[in-house]
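One structure is given below, encoded as structure tokens.
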Amino acid sequence: MRSALTAFLAAATVVAVFAAGLYLGGHPGELPSPLRDTFVEKDRGVRAELIKSIEDNYFKKTDSRKLESESLKGVVSALHDRFSSYYTPAEAKQFRQSLNAQFEGIGVTVQPDKRGLKIVSVFDNTPAARAKLRKTDLIVGVNGKSIAGVPSDAATGRIKGRAGTKVTLSILSEGARKPRSVQVERAKIDVPIAKGEMQVKNGVKIAHVRLATFSDGAHAAVRKELEPLIKKGAQGIVLDLRGNGGGLLTEAVLVSSLFVEDGLIVSTKGRNRPERKFDAQGSALAPDLPMVVLVDGGSASASEIVTGALRDRGRATVVGEKTFGKGVFQEVEVLSDQSILELVVGRYFLPKGSNIANRGILPQVKARDLPKTRRDEALPVAVDRVAAAVR
């Protein structure tokens with residue numbers, strides 16, 4: 001959740017100034033008097049003057065606290081970086097709610113869109129599936145309020161809530177001119193991190209393992225699903241990362257390590273972050289079986305790290321659609337008023353040195369699952385590719 005090197009460095013310079021302002025603005029007594037006058041008191045004075053003038057003269061009544069919050073949002077939005085966000089204290093509460101296990105959801109994975117949230121997958125037997133929500137649908141409003149421009153985690157927090165409660169979504173489907181209103185009852189969503197099954201093509205047994213997220217324990221979940229399939233004679237592997245928006249970098253390295261014996265998986269570097277290289281760890285479970293990584297536009301972040309590593313290392317063929325194209329990583333800072341700054345602090349690089357920010361990873365074999373059909377059109381293409389590689 002969401003360039004050329006020069007553009008990145010320019011943006012990072014603005015970030016550095018802002019970060020310093022956050023600290024020094026909160027501790028003006030620690031500044032020398034001339035600096036305090038220049039960088040703190042003057043800024044506060046102009047800001048207060050501007051807000052006061054709006055309060056006194058704008059033709060409609062205004063909320064000074066909202067103006068203050070929006071001015072901070074403006075600083076971060078000036079970076080024009082879709083993955084850097086400022087959350088007001090109220091939005092920060094929604095951000096935490098989106099991560100809180102006691103709050104349930106509707107059974108979809110989403111990615112940011114300038115109009116709201118784009119659905120990238122709908123899990124079977126969930127409220128979303130029963131409400132006939134589909135991949136590529138756009139959620140543009142929650143309970144009658146637009147979520148355009150709302151940070152994605154805060155928007156997700158608005159959708160989530162306690163099981164049994166209801167949420168009304170404004171859904172814009174492909175080809176529709178206007179959104180439709182859909183009421184969905186929240187429920188506890190019990191979706192396994194990984195799920196494996198055996199596919200058979202022309203007598204060739206192929207292990208198909210789908211990974212939903214790179215949360216803690218993802219590599220162990222993949223191993224648990226893959227091991228019995230290998231023992232049953234699987235001759236090839238399809239690692240399915242469609243709709244997987246990513247998660248932990250450590251899990252991306254560990255999942256890659258199930259298939260690559262040693263060597264570089266990914267490296268990271270930021271303007272104020274030293275370069276770090278992450279190599280494969282431990283013993284690979286399946287270093288030699290023919291393999292495909294199946295991806296789509298919802299495969300992002302950690303999914304792209306795994307996909308790029310297995311491709312660059314010559315370990316797997318990439319099948320599907322172009323991936324999301326994140327290529328950067330963020331850090332989250334809780335500020336003094338409990339608001340949150342989520343800031344891109346660096347980029348990651350695939351083993352051959354490329355960064356896929358805004359470009360994504362192009363498939364070596366194209367395949368697309370049509371959202372309006374019940375069958376999966378992309379998986380058979382991946383299975384065929386693996387079967388053809390089995391000797």
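- Taking each heavy atom of Ser173 and Asp137 in turn, the nearest pair found is OG-OD1, 2.9 Å.
- Contact record, Glu104 with Arg186: O-CD, 4.1 Å, taken as the closest heavy-atom pair.
- At a threshold of 4.5 Å between non-hydrogen side-chain atoms, the residues Arg158 and Asn143 do not count as touching.
- Put simply, the side chain of Glu225 gets close to the backbone of Gly196: a donor and an acceptor are under 3.5 Å apart.
- Gln199 is not listed as a side-chain neighbour of Lys205, based on a closest heavy-atom distance of 4.5 Å or more.
- Between the side chain of Ser354 and the backbone N or O of Leu350 there is no donor-acceptor pair closer than 3.5 Å.
- Shown here is Asp337, whose CG atom has more than 12 heavy atoms of other residues, nucleotides or ligands within 6.0 Å.
- Residues Glu55 and Lys52 are in side-chain contact: their nearest non-hydrogen atoms beyond the backbone lie under 4.5 Å apart.
- When Asn244, Asp369, Thr109 are each tested for a side chain to side chain donor-acceptor pair (under 3.5 Å) with Ser121, only one passes: Thr109.
- Nearest approach of Asp376 to Ala378, heavy atoms of both residues: OD1-N, 3.1 Å.
- A single hydrophobic cluster is not seen to contain both Leu264 and Leu249; linkage of ILVMFWY side chains at heavy-atom distances under 4.5 Å, directly or through other members, places them apart.
- At least one donor-acceptor pair under 3.5 Å links the side chain of Ser257 to the backbone N or O of Val253.
- Between Lys66 and Glu68, no side-chain nitrogen of the basic residue sits less than 4.0 Å from a carboxylate oxygen of the acidic one, so the salt-bridge criterion is not met.
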Please list, one pair per line, the donor and acceptor atoms closer than 3.5 Å that link side chains of residues 208-215 to other protein atoms, with sequence neighbours excluded.
unit_1 : atom_1 : unit_2 : atom_2 : d
His208 : ND1    : Glu197 : OE2    : 3.0
His208 : NE2    : Asp240 : OD2    : 3.0
Arg210 : NH2    : Arg242 : O      : 3.4
Thr213 : OG1    : Gly246 : O      : 3.4

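- Taken from CD in Gln111 to NZ in Lys118, the straight-line distance is 5.5 Å, to the nearest 0.5 Å.
- Looking only at atom types and distance, the side chain of Glu377 has a donor-acceptor partner in the side chain of Thr373 under 3.5 Å away.
- Ser84 contributes no side-chain N or O that, together with a main-chain N or O of Leu343, makes up a donor-acceptor pair within less than 3.5 Å.
- Atom NZ of Lys352 is separated from atom CG of Asp312 by 5.5 Å, given to the nearest 0.5 angstrom.
- At distances below 3.5 Å, not a single donor-acceptor pair connects side-chain atoms of Glu321 with backbone N or O atoms of Lys366.
- For the side-chain contact (heavy atoms from CB on, under 4.5 Å) with Tyr87, the lone residue among Leu335, Ile340, Val332, Leu341 that qualifies is Ile340.
- Between Arg347 and Thr268, the closest side-chain pair of non-hydrogen atoms is not below 4.5 Å.
- A continuous path of Ile, Leu, Val, Met, Phe, Trp and Tyr side chains, each step under 4.5 Å between heavy atoms, connects Ile159 with Val150, placing both in one hydrophobic cluster.
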**Request:** Start with the C-alpha distance between Val318 and Val295, add both sets of side-chain angles, then the distance that settles side chain to side chain contact (heavy atoms under 4.5 Å, CB included), and finish with yes or no.
**Result:** CA-CA 7 Å; Val318 180; Val295 295; 3.8 Å; yes
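- Val108 and Leu169 fall within the same hydrophobic cluster, where Ile, Leu, Val, Met, Phe, Trp and Tyr residues are linked whenever their side-chain heavy atoms come under 4.5 Å apart, directly or through other members.
- The shortest heavy-atom contact between Ile193 and Ala218 is CG2-CA, 4.1 Å.
- For Arg65, the side-chain contact (heavy atoms from CB on, under 4.5 Å) partners two or more places apart in sequence, or in a different chain, are Asp63.
- Closest approach of Ile265 and Ala309 over heavy atoms only: O-CB, 3.5 Å.
- Linking ILVMFWY side-chain heavy atoms closer than 4.5 Å, directly or via other members, places Val292 and Val383 in a single hydrophobic cluster.
- Interatomic distance, CG of Asp153 versus CD of Glu342, reported as 5.5 Å (0.5 Å rounding).
- The only member of Arg368, Lys322, Lys135 that meets side chain to side chain donor-acceptor pair (under 3.5 Å) when paired with Asp296 is Lys135.
- A side-chain contact (heavy atoms from CB on, under 4.5 Å) with Leu294 is found for one member of Leu239, Leu379, Leu241 and no other, namely Leu379.
- Between the CG atom of Leu226 and the NE2 atom of His219 there is a distance of 13.5 Å, given to the nearest 0.5 Å.
- Not a single donor-acceptor pair under 3.5 Å links the side chain of Asn57 to the backbone N or O of Ile54.
- Checked for salt-bridge contact, Glu304 and Arg311 miss the test: no charged N lies under 4.0 Å from a carboxylate O.
- Applying the 6.0 Å contact sphere to NZ of Lys73 captures more than 12 heavy atoms from other residues, nucleotides or ligands.
- A heavy-atom distance below 4.5 Å is not found between the side chains of Val120 and Val110.
- For Asp56, the CG atom is densely surrounded, since the number of other residues' heavy atoms within 6.0 Å is greater than 12.
- Side-chain contact between Pro127 and Glu185: absent, with no pair of heavy atoms (C-beta onward) separated by less than 4.5 Å.
- With hydrogens and angles disregarded, a donor-acceptor distance shorter than 3.5 Å links the side chain of Thr307 to the backbone of Ser303.
- Within 6.0 Å of CZ in Arg180 there are more than 12 heavy atoms belonging to other residues, nucleotides or ligands.
- Using a distance-only test at 3.5 Å, with no hydrogens or angles considered, no donor-acceptor pair links the side chain of Thr62 to the main chain of Ser64.
- Residues Phe259 and Val306 are members of one and the same hydrophobic cluster, defined by side-chain heavy-atom contacts under 4.5 angstrom among Ile, Leu, Val, Met, Phe, Trp and Tyr.
- Residues Asp113 and Leu138 meet the side-chain proximity criterion, which asks for heavy atoms closer than 4.5 Å.
- The backbone N or O of Pro380 sits nowhere less than 3.5 Å from a side-chain atom of Arg385 that would complete a donor-acceptor pair.
- The CG atom of Leu289 lies 5.0 Å from the CD1 atom of Ile237; values are rounded to the nearest 0.5 Å.
- Shortest non-hydrogen contact noted between Gly107 and Ala128 is O-CB, 4.1 Å.
- Ile206 is not listed as a side-chain neighbour of Pro290, based on a closest heavy-atom distance of 4.5 Å or more.
- Remark: Ser85 OG to Gln330 CD distance equals 8.0 Å, nearest 0.5 Å.
- A donor-acceptor distance shorter than 3.5 angstrom exists from the side chain of Thr126 to the backbone of Phe123, with no hydrogens or angles considered.
- The closest side-chain donor-acceptor pair between Ser339 and Tyr86 falls under 3.5 angstrom.
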